[in-house]
2 protein chains.
Amino acid sequence: MESTEVTERTPSEASRDIPEATVARLPVYLRALTGLSEAGTATCSSEHLATAAGVNSAMLRKDLSHLGSYGTRGVGYDVEYLRYQIAREIGVTQDWPVVIVGIGNLGHALANFSGFRSRGFRVVALLDADPRRHQEVVAGVDVRPFSDLEAIVHEHGVAIGVISTPAPAAQDVADHMVAAGIRSILNFAPTVLAVPPGVDVRKVDLSIELQILAYHEQRKALGAAAVERPVDGALEGRPA
Amino acid sequence: MESTEVTERTPSEASRDIPEATVARLPVYLRALTGLSEAGTATCSSEHLATAAGVNSAMLRKDLSHLGSYGTRGVGYDVEYLRYQIAREIGVTQDWPVVIVGIGNLGHALANFSGFRSRGFRVVALLDADPRRHQEVVAGVDVRPFSDLEAIVHEHGVAIGVISTPAPAAQDVADHMVAAGIRSILNFAPTVLAVPPGVDVRKVDLSIELQILAYHEQRKALGAAAVERPVDGALEGRPA
DNA sequence: CCGTGTGAATTAATTCACAGCG
DNA sequence: CGCTGTGAATTAATTCACACGG
């Protein structure tokens, strides 16, 4: 089985439709609509919804235009209706069974995260390679051996796997997930995963996010003064 | 104090230099270089490093070209040298003091996450509004009242704050962080934060990531057949 | 009128392809 | 030679600005 190529093409096969940048914002709109709905708002303008979602209204309208024409000119959008349409487009009108591998601190937090359940995902199994964890019950689900992965995937029709192991274990976990038939992986381990074409990987990397903030913070600290790159010099330790 | 405007301009003031997309990849390169370094590799080509970082070599070279000319034609890059240059550019040659607010499951996981310490960040305080948590010591740091925020920020010169509270508390926490002088926020709460200009917010949202995967997964499930949008119909429950 | 939906214009990001240096 | 660094070409994302319909 050839899986040397590092993953490219996050959007796989049949993605010639909604731009990737739009797809990434749809869940944000969905959440904003849920908020408006809970606040009792029946109708909203693109301006209103855009503010709630933290984007500008032109972009919101452009994004929504990829889904269809769900608004009413001169009026705005029906909150419930639009919410349903977006949920359907994303695919969270159904429930997705999810398996989490790696039940350390982060795995615990993920297992207990109520947002999964309420947003279209159901954690059907928690797996860990460490036998000492197999005693535990986390969030009402008992921790099982990693070797149960394939059986669980088949039993529940799991299509999405979450990796919250330490970095060194992540590639092996990913390989087993792919072998078991999982084609979408959310990776919290700070490592680049290689997967065959057709498998989507998204990564959430805490220290990368902090480093991006640090970059901008550093820029701010430089103040309005001398923002330019160090004029020359800075060649400390240049190799021969 | 006017802070109605939802945040735009993630890159603030003095960011007319390296493209945002490049900045977001620099930490990935940094990690890949650390890996190569630990493996004893002294020199690498753009091809080699790009593979390790999960990007293509043209993009890597273009990204690095924004920092300067740190390679040797016909040879490649000196791993240690390039690593230092990127770390310096990001600003992680120094240590950034960080405060974490909200010590629930996720806050625990973050406080214990060793990757922060080893990548240029130092957790100087853990804060929680719930007095019952003030007994605890997490990762060697004791949990203090949220009201200590301003004192801690000033004492340690904290520039970066992490929010891992439930969604309803997040905006209030952000407001206090901004008031205390924090200008970079990493938000794990599933909510859109409004902050004044000059403050950077990055968000990490677990269910959004899963929803993006679900979208693509749904597309795959449709198979090669009928990939087009439902030809018409699908107007279930269209409002009057 | 007012606000959606959308072509056109702009800006950003990525990829190509090769000149030029070590 | 081989690989970097980079202009030029391409593709994607965002913003503008306004025609159009309720």
Side-chain angles (χ1 to χ4, degrees), chain A residues 6-11 15-26 28-29 33 36 41-79 81-82 85-86 212 229 238-240, chain B residues 6-11 15-26 28-29 33 41-79 81-82 85-86 89 212 229 238-240:
Chain A
V6 166
T7 178
E8 283 163 41
R9 303 196 315 143
T10 304
S15 198
R16 290 295 149 261
D17 201 0
I18 300 180
E20 198 49 34
T22 296
V23 169
R25 283 186 294 264
L26 290 180
V28 179
Y29 303 153
L33 286 164
L36 292 177
T41 311
T43 301
C44 67
S45 65
S46 64
E47 194 64 42
H48 188 181
L49 180 53
T51 302
V55 302
N56 83 27
S57 62
M59 193 159 74
L60 172 70
R61 290 200 303 278
K62 177 68 86 180
D63 282 342
L64 294 185
S65 75
H66 295 293
L67 312 195
S69 193
Y70 295 140
T72 308
R73 292 177 191 226
V75 178
Y77 303 92
D78 179 278
V79 170
Y81 178 65
L82 182 58
Q85 293 301 336
I86 293 178
I212 296 169
R229 179 99 39 73
R238 178 84 209 225
Chain B
V6 167
T7 177
E8 283 164 40
R9 301 196 315 143
T10 303
S15 197
R16 291 293 148 264
D17 200 2
I18 300 180
E20 197 49 32
T22 295
V23 170
R25 283 186 296 265
L26 291 179
V28 179
Y29 303 153
L33 285 164
T41 311
T43 301
C44 66
S45 64
S46 64
E47 195 64 43
H48 187 182
L49 179 55
T51 302
V55 301
N56 83 27
S57 61
M59 193 160 74
L60 172 71
R61 289 199 302 278
K62 177 69 85 179
D63 282 343
L64 294 184
S65 76
H66 295 294
L67 313 195
S69 193
Y70 294 140
T72 307
R73 291 176 194 227
V75 178
Y77 302 93
D78 180 277
V79 170
Y81 179 65
L82 182 58
Q85 293 302 334
I86 293 178
E89 190 71 39
I212 295 169
R229 177 102 37 76
R238 177 87 209 223

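To find a chain, count down the sequence lines: A is the first, B the second, and so on, and within it residues start at 1. The figures here come from the full heavy-atom set of this structure, side chains too, leaving out hydrogens, waters and symmetry mates.
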**Q.** Whole-Å gap separating P (C:dT11) and CE (A:M59)
**A.** 17 Å
(Q) Quick check: do A:L82 and A:L49 have side-chain heavy atoms less than 4.5 Å from each other? (A) yes
Q: Report yes if some heavy atom in the side chain of B:L67 is under 4.5 Å from a heavy atom in the side chain of B:L26; otherwise report no.
A: yes
Q: Kindly indicate whether the side chain of A:E20, heavy atoms from C-beta on, has any atom under 4.5 Å from the side chain of B:I212.
A: yes
Q. B:K62 has a side chain; which of C:dA13, C:dG3, D:dT6 sits nearest to it?
A. D:dT6
Q) B:E47 has an atom CD; how far is it from atom C1' of D:dT4, in whole Å? A) 12 Å
Q) Just how far is it from atom CG of A:D78 to atom OG1 of A:T72, taken to the nearest 0.5 Å? A) 8.0 Å
Q | Nearest to side-chain heavy atoms of A:R61, which nucleotide of C:dT6, C:dT14, D:dT4 | A | C:dT6
Q. Hey, does A:L64 have a side-chain heavy atom less than 4.5 Å from the side chain of A:I86?
A. yes
Q) In whole angstroms, how far is the C1' atom of C:dT14 from the CG atom of B:L64? A) 15 Å
Q) Between atom CD1 in A:I18 and atom C1' in D:dA13, what is the gap in whole Å? A) 15 Å
**Q.** Separation of C:dT6 P from A:D63 CG (nearest whole Å)
**A.** 13 Å
Q) Please give, in whole Å, the distance from C:dG5 P to A:N56 CG? A) 16 Å
Q. From C:dG5, D:dA13, D:dT4, pick the nucleotide closest to the side chain of A:A21?
A. D:dA13
Q. Which nucleotide, C:dT6, D:dG22, D:dT6, lies nearest any side-chain atom of A:T72?
A. D:dG22
Q) Within the pair A:S45 and C:dG3, is there a side-chain N or O less than 4.0 Å away from OP1 or OP2? A) no
Q.
Any N or O donor-acceptor pair under 3.5 Å from the base of C:dC2 to the side chain of A:R73?
A. no
Q | Atom-pair distance (CZ on A:R25; C1' on D:dA12), nearest Å | A | 11 Å
Q.
So, OP1 or OP2 of C:dG5: does either fall under 4.0 Å of a side-chain N or O from A:Y77?
A. yes
Q.
In this structure, how many angstroms lie between the P atom of C:dT4 and the NE2 atom of A:H66, rounded?
A. 16 Å
